[in-house]
Each structure stands twice: as structure tokens, then as C-alpha cells.
Amino acid sequence: MVNRDKYEAVIGLEIHAQLATNSKLFCGDATSFGAAPNTHVSPITLGHPGTLPKTNKIAVEYAIKMGLACNSKIATDNYFARKNYFYPDLPKGYQISQHTTPICIGGEVKIKSSTGEKTIQLNRIHLEEDAGKSIHDITPTDTLIDLNRAGTPLIEMVTEPCLHSAEDAFLYVSEVRKLVRWLGVCDGNMEEGSLRCDANISVRLKGETTLGTKVEVKNLNSIRNIKKAIEFEIDRLIELKETGGNIIQQTRSFDANNDTTFSIRDKEDANDYRYFPDPDLAPFHLTESYIAEIKSSIPALPAVLKNTWKSQFGLSEYDIDQLCEQKEEADFFMALTTQTKHYKAAANWILGPIREYLNEQQISYLDLQKSIPQLVELLELVASNQLNFSVASGKIFKAIMDSGGSPISYAQENNLLQTNSSDEINNWITQVLSSNPEKVAAYKKGKKGLIGLFVGEVKKLSKGKADPKVTTELLEAALLK
Ligand code: ADP
Ligand code: MG
């Protein structure tokens with residue numbers, strides 16, 4: 001039996017994120033996904049002789065944004081280098097990259113693991129262009145090439161070898177995806193390849209300080225697959241160590257059909273890419289004021305919102321984490337909080353009925369902007385006990401979202417407002433008590449907990465109209481008789 005506890009896994013992740021710019025990194029070709037093959041391919045993308053690339057300023061800005069959000073140091077003097085190699089989907093014969101001189105140096109991403117908060121150290125974030133796509137599965141004998149993607153701006157984000165479990169890798173990539181979406185620098189769509197991950201994995205005996213020989217699993221395109229590939233590799237490497245097998249530095253690929261990995265190539269140690277500064281692109285200098293300007297354009301990050309929402313709004317950690325999953329949702333919550341002080345209620349409305357409604361209707365928070373005043377009115381009506389929450393969320397909310405009407409008028413017209421009239425409530429109470437004689441007897445013998453059941457019955461009978469506080473008081477009085 002293999003003793004896995006003797007070993008420690010070491011993992012470093014490289015994430016490629018396609019920047020959400022309209023045009024490519026060095027020319028005006030569109031970057032949109034799903035266009036007919038080879039339609040976004042100007043002579044610059046194709047690397048024709050005599051063409052001159054120009055750097056896309058927005059791509060540089062996005063890379064800086066990501067670096068600032070991760071507390072990286074921003075390099076003020078930058079240039080692009082050519083990384084020379086031959087590949088059919090690389091028409092120029094080189095990739096323009098910053099591999100050796102990244103625009104963002106160091107930095108960190110915090111994750112919330114089951115054992116507490118952890119800081120994942122970054123080595124760098126650099127800018128580079130994407131390659132085209134080789135397509136092997138359209139015809140049985142040929143490989144087809146689509147160069148639309150060639151030249152799309154990417155940031156490559158590289159961690160130090162500081163992760164130790166598949167779970168933490170999973171959390172890290174989730175966090176990075178959330179962050180790029182939050183900043184609006186990448187759509188984070190892993191299925192469309194906007195975010196791709198290579199996982200480098202090695203194992204060593206616990207206590208050892210030198211790194212073991214690593215394998216690299218390339219192009220993982222879902223967060224679940226990242227986790228599965230790493231789990232499989234850790235197991236495989238430990239097994240190899242235990243059985244005296246030889247671990248060789250390899251590039252591997254994940255097979256999603258059976259959750260295993262297979263070798264694509266053994267990695268020669270020194271790939272000679274003959275890096276040199278691209279002579280067609282001017283080096284660029286970033287001034288401190290330009291970096292400061294970009295910094296000021298970054299929206300408040302979840303970590304900051306979390307503190308405010310906890311201290312000022314008294315929200316629970318759980319609610320805050322939920323609301324910060326998506327920037328649109330967090331923004332919508334903030335918009336509500338500028339108009340009502342019922343913060344917890346606003347959070348509950350969003351996490352419950354509003355989410356459900358958006359899902360059902362397949363619409364976004366942007367579509368709900370115009371309904372904010374109605375929503376605020378509705379949640380205030382519940383807070384002031386004029387409406388019962390389930391009536392408000394179940395019967396009124398959708399109706400007024402669809403019709404655009406006023407919550408109070410809708411409630412009045414449909415006789416849904418809660419009543420605190422003793423006469424009306426006592427009527428319901430009499431009916432409930434007379435149809436539950438055994439429960440009444442049990443209550444009178446001391447089973448005081450039954451009060452909740454009676455309140456519930458009155459609520460049901462009144463279709464949510466009986467004010468629960470008044471109901472409880474009147475019930476207690478009635479049951480004394
Ligand atoms: P390469 O040149 O092969 O791409 P790098 O040194 O640039 O290697 O590192 C790539 C990634 O692999 C980084 O995330 C790094 O942290 C990680 N890494 C490097 N060595 C190891 C190792 N022995 N075990 C696990 N991860 C490693
Ligand atoms: Mg690598």
C-alpha cells in the first residue's frame with residue numbers, strides 16, 4: 001500500500017487570459033469569437049514582409065490593471081521580444097512576448113481555502129500574443145488552420161511553485177477568473193478558451209526543500225479538469241516514486257474521457273527560442289502618473305467591499321461572498337443600498353427572488369436597473385410589515401416586474417396588504433383554533449411551542465395577510481381563555 005502522506009505535492013500554475021479588447025495586440029483585426037475562419041487576418045496578423053505592428057494601448061492598460069489588482073510591481077520600461085519557433089498556427093515564425101521582461105512583477109492572489117485564507121505568490125504577469133488554431137477533427141486526413149485568434153492579446157499569469165493541492169489550484173483559478181471578470185479585462189470564458197491553464201506539478205518527500213522534476217499538463221479548459229488533472233498527476237508521480245520509476249520532465253495533456261493524462265512530448269531542457277527585442281516595435285515607458293490614472297479607474301475590489309459591507313451593513317460573511325461572486329450583482333446591491341437602509345433585506349431579495357427571476361427570464365442585472373425604485377418600495381413595504389415577504393416575493397414581485405406597475409397599488413388592488421386589524425385576525429384565529437382542538441388542548445397542557453404552528457395556520461388561512469406580530473399576541477390571548 002502506497003503511503004501518500006510521506007509526500008508533498010508542489011504546483012505552479014500558468015494562466016493565459018485573452019484580454020477583452022476589440023482589436024488584436026498589434027493591429028486592428030477584430031478579436032471577436034466565433035467568426036468564419038480566417039476572416040480576421042490582415043497582412044500584419046499574417047506577418048507579411050514589410051508590415052508594421054503597433055501596440056494596442058488598451059491591452060497594456062488591462063495588463064497593468066490586473067497587475068495592480070494583484071499588488072504586482074509595474075515595470076515602467078518595457079519592450080516586446082520575439083520568441084522564435086516554428087509551428088503551423090504561428091504564421092510569423094515567432095511569437096511576440098514579454099517572457100523575460102514582464103510588465104507586472106511579483107504580486108499575489110488570496111484564496112479562501114477550507115483551512116483559512118492563503119496567499120498565492122505570483123512570479124509575473126506578462127503580455128503576449130496568442131497563436132492561431134490548428135483543427136484536427138474536421139477532416140480525417142488534414143489539419144486545418146484558423147488564424148483568427150493569431151495576434152489576440154493575452155496576459156500570462158505565472159505563480160511561484162507554491163500551491164500544494166488540487167483543491168487550492170481549483171480555488172486559485174476560480175479567484176483569478178472572478179478577478180479578470182470583475183476588472184472587465186477578460187470574459188473568463190473557459191469553454192471558449194478565453195482563459196486557459198497549464199499546471200506544473202512535482203512531488204517530493206515532506207521536509208525536502210529542493211523541487212522535484214516537474215511535469216506540465218497543458219491547456220486545461222475547465223476548472224474541474226484542472227482539479228482532476230492535478231489529482232491524477234500527483235497520484236501518478238507518487239506511484240512512480242514509490243515503485244522506483246523514473247520521473248522525466250514531460251509535457252502532458254488531459255483526457256477528459258477518462259480523467260487521466262498522457263504524454264505529448266518529453267521536454268528538452270533548453271529550448272532555444274533566440275529571444276531578441278522586436279525591432280519593429282518601439283519600447284514603451286510608463287509614467288507614474290499614467291499608472292496612477294489606471295489605478296484610479298479600478299473598481300473597488302471584493303476584498304474592500306467585504307470590509308465595508310461587514311462593518312457598515314452588518315452582513316454575514318456568507319452573504320457577502322455570495323454577492324461578490326459577480327460584479328454586476330455587487331453593483332446592483334450597492335445601487336439598492338443607496339436607496340434603502342434595509343441592507344440585509346436587500347441582500348436577501350437579491351440572493352433569493354431576484355436571482356431566480358433573472359435566471360427564469362434569462363436577463364441580466366442591467367435589465368433590472370429601471371426597476372430599482374419599485375424593488376426598493378417593495379422591500380420597504382415588507383420591512384414596515386405592510387406586506388408579508390412570501391406574498392411580496394411570490395405574488396407581487398414578478399407581476400410588477402412584468403407590468404412595471406407600483407407595488408403598493410398592485411397590493412391594494414389585489415387585496416394583498418397585511419392587516420393588523422384585531423377583528424379580522426381574530427376571525428381567522430377562531431377558525432384555526434376550532435379546527436385544531438387536540439393541539440389547543442396540548443398547548444393548554446404546556447406545549448407552548450405549538451404557538452408557531454397556530455401562527456403558521458393563520459398565515460395560511462389569511463393568505464399571508466395577517467400581520468404575524470399582532471397574530472401572535474392575539475393568539476396568546478385567545479389561548480388563555
Ligand atoms: P518553464 O520554463 O518550463 O515554463 P518556469 O520556470 O517558467 O518553467 O515555470 C513555469 C511554472 O512552473 C511556474 O508556475 C513555476 O512556479 C512552476 N514550476 C517550476 N518548477 C516547478 C516544479 N519543480 N514543480 C512544480 N512547479 C514548478
Ligand atoms: Mg511553461
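Residues take their numbers from the sequence shown, with the count starting at 1. Just follow the structure's listing: the first ligand is 1, and inside any ligand the first atom is 1.
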Taking only non-hydrogen atoms of Glu160 and a 4.0 Å limit, the atoms of ligand 1 in range are 16 (O)
Any nitrogen or oxygen of Ser202, side chain or backbone, less than 3.5 Å from one on ligand 1? yes
- Item | Full working for side chain to side chain donor-acceptor pair (under 3.5 Å) between Gln312 and Tyr343 | CA-CA 9 Å; Gln312 291 181 11; Tyr343 308 121; over 6 Å; no
(Q) Would Lys214 count as a polar contact of ligand 1, with the cut-off being nitrogen or oxygen pairs under 3.5 Å? (A) yes
In ligand 1, the atoms that come under 4.0 Å of a heavy atom of Pro161 are 16 (O), 26 (N), 27 (C)
* Asked: Is there a nitrogen or oxygen of Arg124 sitting under 3.5 Å from a nitrogen or oxygen of ligand 1?
  -> no
Gly212 heavy atoms within 4.0 Å reach ligand 1 at atoms 23 (N)
Logged contact type for Leu13 with ligand 1, heavy-atom cut-off 4.0 Å, is backbone
Between Glu380 and Thr340, a side-chain donor and acceptor under 3.5 Å: yes
Requested in this report: For the pair Thr119 and Glu108, evaluate side chain to side chain donor-acceptor pair (under 3.5 Å) and give the outcome as yes or no after the intermediate values.
Outcome: CA-CA 6 Å; Thr119 301; Glu108 61 191 35; 5.2 Å; no
Any ion pair linking Glu325 and Arg355 (charged N to carboxylate O, less than 4.0 Å)?
no
Quick note on ligand 1: atoms under 4.0 Å from a heavy atom of Thr159 include exactly 13 (C), 14 (O), 15 (C), 16 (O)
**Asked** How are the rings of Tyr273 and Tyr275 set to each other: parallel, tilted or perpendicular (split at 30° and 60°)?
**Response** perpendicular
Counting from 1 in the order shown, the ligand 1 atoms closer than 4.0 Å to a non-hydrogen atom of Val158 are 13 (C), 14 (O)
Name the atoms and distances for all side-chain donor-acceptor pairs under 3.5 Å in residues 39-48, with sequence neighbours left out.
{"unit_1": "Thr39", "atom_1": "OG1", "unit_2": "Ala36", "atom_2": "O", "d": "2.6"}
{"unit_1": "His40", "atom_1": "ND1", "unit_2": "Ala30", "atom_2": "O", "d": "3.3"}
{"unit_1": "Ser42", "atom_1": "OG", "unit_2": "Asp29", "atom_2": "OD1", "d": "3.3"}
{"unit_1": "Ser42", "atom_1": "OG", "unit_2": "Asp29", "atom_2": "OD2", "d": "2.9"}
{"unit_1": "Ser42", "atom_1": "OG", "unit_2": "Ile44", "atom_2": "N", "d": "3.4"}
{"unit_1": "Thr45", "atom_1": "OG1", "unit_2": "Lys24", "atom_2": "NZ", "d": "3.3"}
{"unit_1": "Thr45", "atom_1": "OG1", "unit_2": "Asp29", "atom_2": "OD2", "d": "2.5"}

Practice problem: Could you tell me whether Trp349 and Phe389 have their ring centroids closer than 6.0 angstrom? | Solution: yes
